[in-house]
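Comments concern the structure below.
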Amino acid sequence: MSRRSAMTVAKDAAVEAMTAPAVAPATVTTTFREALREAHREALARDPRVFLMGEDVGRYGGSFAVSLGLLEEFGEERIRDTPLSESAFTGAGIGAALRGLRPIVEIMTVNFSLLALDQIVNNAATLRHMSGGQLSVPMVIRMTTGAGRQLAAQHSHSLEGWYASIPGIRVIAPATLEDARGMLGPAVEDPDPVVLFEHGSLYNLSGTLPAEPVRVDIASAAVRRAGTDVTVIAYAGGLGKALAAADLLVAENISAEVIDLRVLRPLDDATIMGSVARTHRVIIVDEAWRTGSLAGEISARIVEQAFYELDAPIERVCAAEVPVPYAHHLEEAALPQAEGIAAAARRVVGVHG
Amino acid sequence: MTRELFLELFTGLLREMIRIRRFEEKCVELYSATKIRGFLHLCIGEEAVAVGVVGALTEDDAVVSTYREHGHALARGVPMPSIMAEMFGKATGCSGGRGGSMHLFDASRRFYGGNAIVAGGLPVAVGLALADHLTDDRAVTVCLFGDGAFAEGEFHECANLAALWDLPVLFCCENNRYAMGTALAREHAATDLAMRAAAYGMVAWTVDGMDVIAVREATDRALEYVRDSGKPCFLELRTYRFRAHSMYDPDRYRDKSEIETWKKSDPIPALEARLVSDGLMTPAEVERWRAAVEAEVEAEIAAAVEAADAAPLEPVEDLLRHVMTEATGDVVAPAGGRST
Ligand SMILES: Cc1ncc(C[n+]2csc(CCOP(=O)(O)OP(=O)(O)O)c2C)c(N)n1
Ligand SMILES: [Mg+2]
């Protein structure tokens, strides 16, 4: 089996896990968390300049257990537990990167990354430009994002869209096992800072991957499901919901094409516009607040670049404009859900149900 | 103090520690039963700090806490049913079901929350104290935070600001020797936190946080100092959590023997022993007293659970409420009876 076809087999791990194909040779059963861990292991083993640092990445094994076991394998110099000092250790990652190392900095969640935002925005994202191209900051900053686990307003926000507005950094957000396994490698090799978002609801996603290392790009969006009537654009934690909505719509003879953005900055306009040209209708799913969201940016680009392809207004399915509440029913109501995405699709194709 | 007063004070402290311990043990059960969700951080082992510090405050004082705040809230007098209902995500919860375990609020008792951003409460505490300073109020703002928070820039900025401006803040660092899985000596190059706080120009000292009487005495002294001088003060309360960091934590990073050693200074049996050794009660009296208190506490907890179970959910239509001030309903002026 060629690598390309192996990746196609593994493309949608969630769907694949449910439909369980006959066991393909040379695949491994894994989870999103383990795939990320394997990606770290590979990056650390391949390049001695790579090291991981962050709160509880070592002895604790990572707050979401991504780095579990890496301390034992790579030692404390390369798997560095830090004090609670987000600004200091993120900035220290920038300094180490300037000096040619390849740090991976883990920040527990995007809400806490606000304490390091100064270093990311004012240093990591600007040093190349401010120095007239003399400096390079080849580092990866990883963090968890997203809601859905009843962790309330200080642990649940989706601020990746903010990061995606900043020139000078690349922003990536894996949604599949393949990307969890494959995106870290090129991110580490990238000469510029890459911010990698891990949606908290994905860590336990399970399925199979090819046994050999997975290589993917960190530049393009991917069509995860082909369709003809409506394009549903999603990323990270939203992808599963978009695919579930597409499933719901099959019964109503609505064929939804589902795009996984994968890369939030720079956006892959070509893939988006290509799909719009096929379906002429667009839904954008974004777990962030609607106002000033990535969904708003994508809508604007579609209007700028593909206005005459549109047969219906663009619809955005975003989080309600409220700090994410604790109570389960309120949290569910605050977030995009498959049924809401399907309802939006029905509206744009003009089939009222 | 007379014997009766000592007896009353000691049994009051003991009763409150037992109440907090049993409440949190119930929370563990309810978490397994998925009635309580999200993150749940317990202060089991650290009750002497909650009871000794918060119990020493007057009604006018303010409290700013962390995500490990059940004990602080209970000791502050936030009603147990409203705390339980909050953890059940119910409309009758002290935060309307929007906060959960990590975000207990009660403005009427000047309990300014459970903050889940480590060190995030510190600047707010400084601001509350600034307002008291500007209005010549004699209230003290108590800010509780961990040894981990001490490493954040926010602590150092706040310590300097409070000392620079002479603000009535009582900084209470609950040093339980771990920030999640990171041991004190791995998060701090110099582990004497009180000494470092003193370097900001504050009166600061270390207290045995497993001894509730020592905590209470230290807090009384510190409060008196802050009230009289208007200046900040820092207490490092050396304590230990007997349970994991949260319900998610597999607790791989410390020796079980270390936990067992610390359990020997469990503040609850320690105070019972003190009652006997000080001649305030005979062992038989302690036992009878204890049985009666356990029964009362059990009944109080059972009632709180029952009420939380039966309580209504906030209607989904109200999802967008309390984001900004409402024409009616939401507080528009500072709560908690502060007059300016
Ligand atoms: C700014 C920030 N960084 C990281 C976290 C994740 N986190 C929650 S509690 C905790 C440990 C805090 O330790 P400490 O201050 O000692 O308090 P303790 O939990 O021991 O009571 C960490 C790392 C957070 N909530 N906020
Ligand atoms: Mg601690």
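Numbers restart at 1 for each chain; the letters A, B, ... are given by sequence-line order, proteins then strands. Basis for what follows: all heavy atoms, side chains included, without hydrogens, waters or symmetry-related copies. Remember, predicted model here, so these are calculated numbers, not experimental data.
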Inset, instruction - With a 4.5 angstrom heavy-atom cut-off, could you sort out which part of A:L71 is near chain B: side chain, backbone, both or neither? - result: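 A:L71 has no heavy atom closer than 4.5 Å to chain B.
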Legend entry - A:L115 portion near chain B, given a 4.5 angstrom heavy-atom threshold: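 Side chain of A:L115 only, per the 4.5 Å heavy-atom cut-off to chain B.
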Inset, instruction - Applying side-chain contact (heavy atoms from CB on, under 4.5 Å), name anything that partners A:A97, two or more places apart in sequence or on another chain. - result: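 So A:A97 forms a side-chain contact (heavy atoms from CB on, under 4.5 Å) with A:P103, A:V137, A:P138, A:M139.
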Legend entry - Under the side-chain contact (heavy atoms from CB on, under 4.5 Å) test, residues paired with A:A244 that sit two or more places apart: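 Listed in chain order: A:A338.
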Legend entry - Region of B:I36 that comes under 4.5 Å of a non-hydrogen atom in chain A: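 Both backbone and side chain of B:I36 come within 4.5 Å of chain A.
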Legend entry - Heavy-atom contact with chain A under 4.5 Å, split by part of B:M180: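 Answer is both: backbone and side chain atoms of B:M180 are under 4.5 Å from chain A.
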Inset, instruction - Report the option among B:A183, B:A151, B:G93, B:P315 that has the most heavy-atom pairs separated by less than 4.5 Å from atoms of chain A. - result: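 Top option by heavy-atom pairs under 4.5 Å: B:A151.
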What are the sub-3.5 Å donor-acceptor pairs between chain B and chain A, distances to 0.1 Å?
| unit_1 | atom_1 | unit_2 | atom_2 | d |
| --- | --- | --- | --- | --- |
| B:R37 | N | A:Y326 | OH | 3.0 |
| B:R37 | O | A:Y326 | OH | 3.4 |
| B:M87 | O | A:Y326 | OH | 2.5 |
| B:G97 | O | A:A327 | N | 3.0 |
| B:R98 | O | A:Y326 | N | 3.0 |
| B:N115 | OD1 | A:Q154 | NE2 | 3.4 |
| B:A116 | N | A:Q154 | OE1 | 2.6 |
| B:I117 | N | A:Q154 | OE1 | 3.4 |
| B:A151 | O | A:S85 | OG | 3.2 |
| B:E152 | N | A:L84 | O | 3.3 |
| B:G181 | N | A:D56 | OD1 | 3.0 |
| B:T182 | N | A:D56 | OD1 | 3.3 |
| B:T182 | OG1 | A:D56 | OD1 | 2.8 |
| B:R252 | NH1 | A:Y60 | O | 3.2 |
| B:E314 | O | A:H329 | NE2 | 2.7 |

Legend entry - Top contributor to chain B interface from A:V322, A:V324, A:L84 [non-hydrogen pairs under 4.5 Å]: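 Most pairs with chain B among the choices: A:L84.
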Legend entry - Non-neighbouring partners of B:F145 that pass ring-ring contact (aromatic ring centres under 6.0 Å, His included), sequence neighbours left out: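 Residues passing ring-ring contact (aromatic ring centres under 6.0 Å, His included) with B:F145: B:F155.
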